[in-house]
Participant: 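Submitted below is the structure of interest, expressed as structure tokens.
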Amino acid sequence: GCMGLGGDDVSPFIFLRIVYTSTFFVFIDTILVNIIFGVIIDTFSDLRETNEEMAEEMEHRCFICGIERYRFEINSSDGNGFERHIEEDHNMW
């Protein structure tokens with residue numbers, strides 16, 4: 001008879017075939033899902049790191065001229081040189 005449609009020669013192996021196929025798909029699906037999730041998590045981690053670097057850069061360097069914060073701080077008398085510079089001299093908005 002046809003494979004899997006009833007015949008005496010096939011019935012003892014159906015259970016083994018089901019177990020083998022199910023096990024194969026469980027392992028393969030688990031591995032592929034873990035790979036995909038790993039790529040997604042790694043990508044979001046890189047995005048977060050890039051955003052943190054940009055925020056750090058914006059906090060410690062003038063966006064317009066690129067001069068670092070400490071240069072304004074050491075040259076100001078009140079210690080507020082960088083804030084004054086980015087608000088008055090190089091206000092980007």
Side-chain angles (χ1 to χ4, degrees):
C2 292
M3 296 289 276
L5 292 179
D8 294 333
D9 58 339
V10 177
S11 60
F13 299 107
I14 290 293
F15 179 73
L16 293 176
R17 178 66 181 191
I18 291 171
V19 169
Y20 173 76
T21 304
S22 299
T23 305
F24 176 79
F25 281 116
V26 166
F27 284 128
I28 295 300
D29 288 345
T30 303
I31 291 170
L32 290 177
V33 166
N34 284 334
I35 289 172
I36 292 170
F37 283 158
V39 169
I40 291 171
I41 290 169
D42 189 46
T43 302
F44 278 114
S45 171
D46 289 343
L47 286 173
R48 184 181 63 239
E49 184 176 318
T50 302
N51 286 339
E52 288 173 356
E53 288 173 1
M54 284 193 302
E56 182 78 18
E57 184 76 17
M58 292 292 288
E59 189 175 323
H60 294 289
R61 186 179 294 266
C62 176
F63 180 74
I64 307 297
C65 64
I67 298 175
E68 295 175 341
R69 178 186 200 106
Y70 76 90
R71 292 192 184 263
F72 294 106
E73 300 298 333
I74 61 172
N75 290 327
S76 71
S77 59
D78 60 353
N80 198 18
F82 184 72
E83 280 78 16
R84 188 195 58 75
H85 174 75
I86 61 173
E87 290 175 6
E88 296 175 11
D89 298 334
H90 285 161
N91 188 354
M92 66 179 150
W93 306 114

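Since the structure is predicted, the reported quantities are computational estimates derived from the model, not experimental observations.
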Participant: Not counting sequence neighbours, list each pair that qualifies as a salt bridge (charged side-chain N to carboxylate O under 4.0 Å, His left out) and has a residue in residues 81-93.
Facilitator: R69-E83, R84-E88, R84-D89
Participant: Salt bridge (charged side-chain N to carboxylate O under 4.0 Å, His left out): which pairs involve residues 53-67, sequence neighbours left out?
Facilitator: E57-R61, R61-E68
Participant: Using distance only, find each side-chain donor-acceptor pair of residues 23-47 under 3.5 Å and give its atom names and separation, not counting sequence neighbours.
Facilitator:
| unit_1 | atom_1 | unit_2 | atom_2 | d |
| --- | --- | --- | --- | --- |
| T23 | OG1 | V19 | O | 2.7 |
| T30 | OG1 | V26 | O | 2.6 |
| N34 | ND2 | T30 | O | 3.2 |
| T43 | OG1 | V39 | O | 2.8 |

Participant: Just to verify, what does E49 make a side chain to side chain donor-acceptor pair (under 3.5 Å) with, not counting sequence neighbours?
Facilitator: none
Participant: Report the hydrophobic cluster partners of I74, with the cluster defined as I, L, V, M, F, W, Y residues connected by side-chain heavy atoms closer than 4.5 angstrom, directly or transitively.
Facilitator: none
Participant: Could I get the full list of side chain to side chain donor-acceptor pair (under 3.5 Å) partners for E73, not counting sequence neighbours?
Facilitator: none
Participant: For residues Y20 and I14: do they belong to one hydrophobic cluster (side chain heavy atoms under 4.5 Å, members Ile, Leu, Val, Met, Phe, Trp, Tyr)?
Facilitator: no
Participant: Under the ring-ring contact (aromatic ring centres under 6.0 Å, His included) rule, collect the residues that match up with H90, sequence neighbours excluded.
Facilitator: H85
Participant: Could you list the cluster mates of F82? Members are the ILVMFWY residues connected by side-chain heavy atoms closer than 4.5 Å, either directly or through other members.
Facilitator: I67, F72, I86
Participant: side-chain contact (heavy atoms from CB on, under 4.5 Å) with D78: which residues, sequence neighbours excluded?
Facilitator: S76, N80
